[in-house]
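All remarks here apply to the structure that follows.
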Amino acid sequence: MAVALLEGLNEQQRAAVSAGPGPVLVLAGPGSGKTRVLTHRIAYLIQEIGAYPGGIVAVTFTNKAAGEMRARVENILGGRLQGLQIGTFHAICARLLRREADHTQHRHDYLIYDTDDQVALVTQALNELNLDVKKYRPRQLLDHISGAKNELIPPDKYQMKSYLGEIVRRVYERYQELLIASNARDFDDLLMDTALLLRDNDEVRQKYQRFYEFLLVDEFQDTNMAQYELVKILAKPQDNVFVVGDEDQAIYGFRGADYRNVLQFRRDFPDAKVILLEQNYRSTQIVLDAARAVIDKNTHRTPKALFTDQIGGQPVTVYEAYSEVDEAEYVIQRVDDLRKQERLDYRDIAVMYRTNAQSRALEEAFIRSNTPYRLIGGVGFYKRREIRDLLAYLRLINNPDDAVSFARVVNVPKRGIGKKSVEDLQRWALKQRYTIGQALAALAQGEPSSLPASAVRKLVDFHALLAGWRELNAVGDLSALLEDVIVRTGYTLHLHESSDRPEEAMERQENVNEFRALLKQDRAKPLGEFLEDISLVADVDTLAEEKNSVTLLTLHAAKGLEYPVVFITGIEEGLLPHLRSLDEPDGMAEERRLFYVGLTRAMRHLYLTYAFRRMTYGDSSPSLPSRFLGDIPARLVQGVSAGLANRRNYQTYQESLRWDDDSPWENKASDKEATWPDASALVDAARSRIRGQIQPFGQGAPLRYRSGLRVQHPVFGEGIVIESRRSGDDEEVTIQFSKQVGLKRLAASFANLIILEG
């Protein structure tokens with residue numbers, strides 16, 4: 001039977017499956033068949049070593065993966081396996097805590113609270129402690145509480161390092177009391193309570209250490225401290241622990257995952273057998289070599305010589321687009337060519353990007369070309385909260401009787417018009433047989449109503465805002481209209497105040513800036529026509545999973561997937577690597593791992609694109625090609641710059657961009673594709689060319705402080721520019737400084753800002 005279990009496995013896979021008892025660390029490169037190894041390992045333990053299925057625990061990170069793993073094992077062994085535990089960390093811990101309820105503060109029938117329940121409970125705790133919910137926002141406090149729980153720090157052990165820390169401790173303590181009183185746990189409790197129970201209760205710990213003879217863990221690089229502590233405890237004393245992971249694919253540090261647990265495992269289990277899975281069954285050798293060249297720049301990792309039977313393959317295509325619109329059109333054209341030339345289905349193709357905001361230009365290109373697509377890893381651009389808010393304002397300006405848009409934005413940002421006031425207005429309007437627009441106009445004209453005077457005053461002020469915007473709309477400049485809405489409502493500040501984390505605020509700001517860029521392009525279009533065009537895009541944001549369509553997704557969402565054709569777009573400094581990581585070594589290493597994950601999703605064709613100019617943060621400005629592109633050897637790459645494909649386009653393109661004549665591209669004026677030079681030389685040349693176009697600030701010159709730029713203020717310290725705009729002869733800069741300082745609007749001529757490198 002052992003021969004049958006090992007049949008079809010390569011040498012490294014067989015070594016992992018048939019490893020004897022004791023600790024085993026399997027470092028599995030992308031596409032190396034790790035799921036097959038895990039399922040065959042479980043079958044081997046049962047069939048060959050004689051392990052009792054009920055004594056085996058296999059941990060995965062999704063319920064779907066757990067179900068698939070169980071089905072595979074049962075298929076291999078030809079029947080159902082009673083007692084075999086395969087599930088997520090949370091599911092396994094939840095069952096254990098129910099069984100051991102007598103040793104905890106909860107009953108066995110405890111509830112598991114979701115995020116909305118948690119927010120309600122923290123809000124209750126704040127109210128009971130007489131703390132301002134507006135000042136200490138529940139979701140931000142929950143982030144701190146969650147971080148403490150993932151580090152196995154209960155309320156009584158929470159260390160206060162600041163005044164905010166004292167607030168968190170008090171709220172954390174009361175929050176836990178309310179959870180217990182409600183006989184409820186949150187998801188972090190499932191891990192923390194189990195780990196602390198096993199650590200502190202000798203009887204319970206020894207019981208499960210005897211019962212669980214073999215422990216297997218998938219995606220080990222994605223474990224946090226609490227999960228790793230559970231692995232260490234449950235593996236004792238026999239140390240029959242089998243973990244599979246890859247430091248190079250650790251991309252969830254923002255969720256608390258710590259890839260260094262792989263290194264820590266080797267320290268805690270010095271006798272562990274270390275097996276590398278290096279044979280790839282997904283990609284061509286050229287794709288693997290390109291990916292290796294990128295990831296080899298990272299330190300604190302185990303090098304892997306990835307190889308495949310698919311020798312050679314198509315060169316990696318690198319494309320420099322003029323703009324994000326040109327980039328999207330290029331993707332559409334290549335999709336069409338690939339389908340015709342290689343008879344590929346739409347479902348064989350994926351387009352990936354670093355941030356959700358980048359999907360806008362792509363989505364519109366797919367709509368215009370009538371190319372089917374589906375968006376995963378995020379909501380459609382026009383469905384995102386901040387975009388829906390701004391669209392609601394524009395719709396209400398266009399149509400005063402739009403009751404849905406009115407209800408959405410009447411108190412966004414907050415202007416003291418609460419739910420009760422809106423309900424009172426709606427009841428009065430219904431009684432008077434007024435539309436929402438007519439009701440607001442009647443109040444503005446002084447018509448008596450049943451509403452409180454304070455509510456009437458605020459609604460009349462809102463009506464005046466709308467009236468002013470309708471007058472501005474008559475000028476026919478959509479971009480100016482949107483800017484006035486953003487400024488008069490204080491929407492930029494609202495974004496930061498209503499976001500749970502600085503990273504979320506930055507991403508939402510990126511979406512708003514992308515919307516700004518769109519209206520700058522369509523500024524002369526009538527508002528009604530613009531809204532009609534947008535509604536057509538929004539109506540087809542999502543397509544059914546089973547439909548034959550191109551997949552659009554973020555690089556984070558691409559983990560575990562594979563496609564014959566992969567496009568990775570926006571490979572530019574500030575996007576990939578993201579600007580938040582430019583001055584953080586750990587963050588930069590994770591960005592490199594993220595790019596590596598994207599590269600290794602490709603099976604046959606890999607396209608990498610960046611834009612010479614990108615309309616981001618509301619302004620069109622030169623972009624720097626990512627340093628990651630320079631890591632890919634020239635022998636693996638082919639490409640042609642936008643506008644250089646033929647003699648007819650080159651002259652116009654060069655003049656419009658004011659490129660220098662010393663381009664690294666050869667055969668610029670020929671009808672043939674340009675020859676790809678040394679990749680690092682291309683990146684250096686592109687950066688020099690782009691920097692040469694940046695002019696000093698002055699009348700008619702580009703804004704000096706672009707969004708995303710890191711700056712130093714003599715008083716407030718280091719910060720990131722959120723947005724910049726002209727203010728007479730000066731430049732007004734909005735900067736996000738540290739949490740203690742917050743958001744500041746400064747006049748550039750008086751701020752004495754120093755631009756930091758990167």
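The first residue of the sequence shown is numbered 1, and numbering continues consecutively from there.
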Indicate every side-chain donor-acceptor pair of residues 268-277 with a distance under 3.5 Å to a residue at least two apart or in another chain.
from   : atom 1 : to     : atom 2 : distance (Å)
Asp268 : OD1    : Gln264 : NE2    : 3.2
Asp268 : OD2    : Tyr228 : OH     : 2.6
Asp268 : OD2    : Gln264 : NE2    : 3.4

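The backbone N or O of Ser499 lies less than 3.5 Å from a partner atom in the side chain of Arg137, making a donor-acceptor pair. A donor-acceptor pair under 3.5 Å links the side-chain atoms of Glu591 to the main chain of His578, judged by distance alone. Judged by distance alone, the side chain of Gln221 and the main-chain N or O of Ala257 form no donor-acceptor pair under 3.5 Å. A side-chain donor-acceptor contact under 3.5 Å links Arg41 to the backbone of Ala19. His106 contributes a side-chain N or O that, together with a main-chain N or O of Ala184, makes up a donor-acceptor pair within less than 3.5 Å. Checking side-chain atoms of Lys297 against main-chain N and O of Phe628 turns up no donor-acceptor pair under 3.5 Å. Under a 3.5 Å cut-off, the side chain of Asn280 and the backbone N or O of Thr308 do not form any donor-acceptor pair. Formation of a donor-acceptor pair under 3.5 Å by the Asp239 side chain with backbone atoms of Gly22 is not found in this model. The backbone N or O of His556 lies less than 3.5 Å from a partner atom in the side chain of Tyr252, making a donor-acceptor pair. Side chain of Thr88 to main chain of Val59: no donor-acceptor pair is present (N/O by atom type, distance under 3.5 Å, no hydrogens or angles).
The aromatic rings of Tyr607 and His605 lie parallel to each other, with less than 30° between the two planes, well short of the 60° mark.
Put simply, CZ on Arg384 and OG on Ser359 are 3.5 Å apart, with the number rounded to the nearest 0.5 Å. Atoms OG and CG, on Ser146 and Leu141 in that order, are 12.5 Å from each other to the nearest 0.5 Å. Going from atom CG of Asn150 over to atom CG of Asp258 covers 11.5 Å, rounded to the nearest 0.5 Å. For the atom pair Glu68 CD and Ile86 CD1, the distance stands at 11.5 Å (nearest 0.5 Å). With values rounded to the nearest 0.5 angstrom, Gln176 atom CD is found 9.0 Å from Leu121 atom CG. For the atom pair CD of Gln118 and CZ of Arg139, the computed distance is 9.0 Å after rounding to the nearest 0.5 Å.
The list of ring pair (Phe, Tyr, Trp, His ring centres under 6.0 Å) pairs with a residue in residues 45-77, not counting sequence neighbours, reads Phe61-Phe89. Listed by first and then second residue, the ring pair (Phe, Tyr, Trp, His ring centres under 6.0 Å) pairs that reach into residues 174-196 are His90-Phe187, sequence neighbours excluded.
A donor-acceptor contact closer than 3.5 angstrom links the side chains of Tyr281 and Asn10.
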field: Thr35 and Arg72: CA distance, side-chain angles, deciding distance, side chain to side chain contact (heavy atoms under 4.5 Å, CB included) verdict
entry: CA-CA 9 Å; Thr35 302; Arg72 287 197 191 189; 3.5 Å; yes

field: Check against side-chain hydrogen bond (donor to acceptor under 3.5 Å, both in side chains), Asp289 and Gln285
entry: CA-CA 6 Å; Asp289 288 347; Gln285 191 63 53; 2.9 Å; yes

message: Evaluate Tyr208 against Arg99 for side-chain hydrogen bond (donor to acceptor under 3.5 Å, both in side chains), listing each step before the verdict.
response: CA-CA 11 Å; Tyr208 284 94; Arg99 287 195 297 264; 3.2 Å; yes

Residue pair Gln227, Glu229: steps toward the side-chain hydrogen bond (donor to acceptor under 3.5 Å, both in side chains) verdict: CA-CA 5 Å; Gln227 291 162 335; Glu229 188 68 18; over 6 Å; no

field: Worked check of side-chain hydrogen bond (donor to acceptor under 3.5 Å, both in side chains) between Glu247 and Thr302
entry: CA-CA 8 Å; Glu247 311 106 311; Thr302 304; 3.1 Å; yes

field: Criterion side chain to side chain contact (heavy atoms under 4.5 Å, CB included) on Leu608 and Phe595, from CA distance to verdict
entry: CA-CA 11 Å; Leu608 309 178; Phe595 187 39; 4.2 Å; yes

query: Step by step, would you call Phe265 with Asn261 a side chain to side chain contact (heavy atoms under 4.5 Å, CB included)?
result: CA-CA 6 Å; Phe265 182 88; Asn261 284 344; over 6 Å; no

Evaluation steps, side chain to side chain contact (heavy atoms under 4.5 Å, CB included), between Leu553 and Leu561: CA-CA 11 Å; Leu553 71 169; Leu561 303 176; 3.8 Å; yes

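Counting non-hydrogen atoms of neighbouring residues, nucleotides and ligands closer than 6.0 angstrom, the NE2 atom of His103 exceeds 12 such neighbours. In this structure, Arg266 places its CZ atom where only 12 or fewer heavy-atom neighbours from other residues, nucleotides or ligands lie under 6.0 Å away. Residue Gln105 qualifies as open at atom CD: its count of foreign heavy atoms under 6.0 Å is 12 or below. In this structure, Arg98 places its CZ atom where more than 12 heavy-atom neighbours from other residues, nucleotides or ligands lie under 6.0 Å away.
Annotation for Thr569 and Gln358: closest pair O-NE2, 3.6 Å, computed over non-hydrogen atoms. Among all heavy-atom pairs drawn from Ala226 and Leu191, the shortest one is CB-CB, 4.2 Å. In terms of heavy atoms, Leu97 sits closest to Leu190 at CD1-O, 3.7 Å. Scanning both residues, Ala235 and Val241, for their nearest heavy atoms gives CB-CB, 3.8 Å.
Take Arg301 and apply the side chain to side chain contact (heavy atoms under 4.5 Å, CB included) test, not counting sequence neighbours, and it matches Asp248, Ile295, Asp296, Asn298, Pro303. Applying the side chain to side chain contact (heavy atoms under 4.5 Å, CB included) criterion to Asn240, with sequence neighbours excluded, gives Pro21, Glu213, Phe214, Gln238. Contacts of Asp309 classified as side chain to side chain contact (heavy atoms under 4.5 Å, CB included), with partners at least two apart in sequence or in another chain: Gln279.
Using a cut-off of 4.0 Å between Lys/Arg side-chain N and Asp/Glu carboxylate O, Arg174 and Glu177 are scored as salt-bridged. Residues Asp246 and Lys34 are not paired through a salt bridge, judged by the lack of any N-O separation under 4.0 Å between the basic side chain and the carboxylate. Under 4.0 Å is where a charged nitrogen must lie from a carboxylate oxygen, and between Glu173 and Arg169 at least one such pair does.
None of Asp143, Asp188, Asp189 except one satisfies the salt bridge (Lys or Arg N to Asp or Glu O under 4.0 Å) rule with Lys149; the exception is Asp189. Results of the side-chain hydrogen bond (donor to acceptor under 3.5 Å, both in side chains) test with Asp202 over Arg205, Arg199, Gln206 single out Arg205 as the only residue that passes. Across Leu45, Val17, Val24, a single residue satisfies side chain to side chain contact (heavy atoms under 4.5 Å, CB included) together with Phe242, and that is Val24.
In this structure, the side chains of Glu590 and Ser581 stay at 4.5 Å or more apart for every pair of heavy atoms.
In this structure, Arg593 satisfies the cation-pi test against Tyr259, with its NZ or CZ atom closer than 6.0 Å to the six-membered ring centre and inside 45 degrees of the ring normal.
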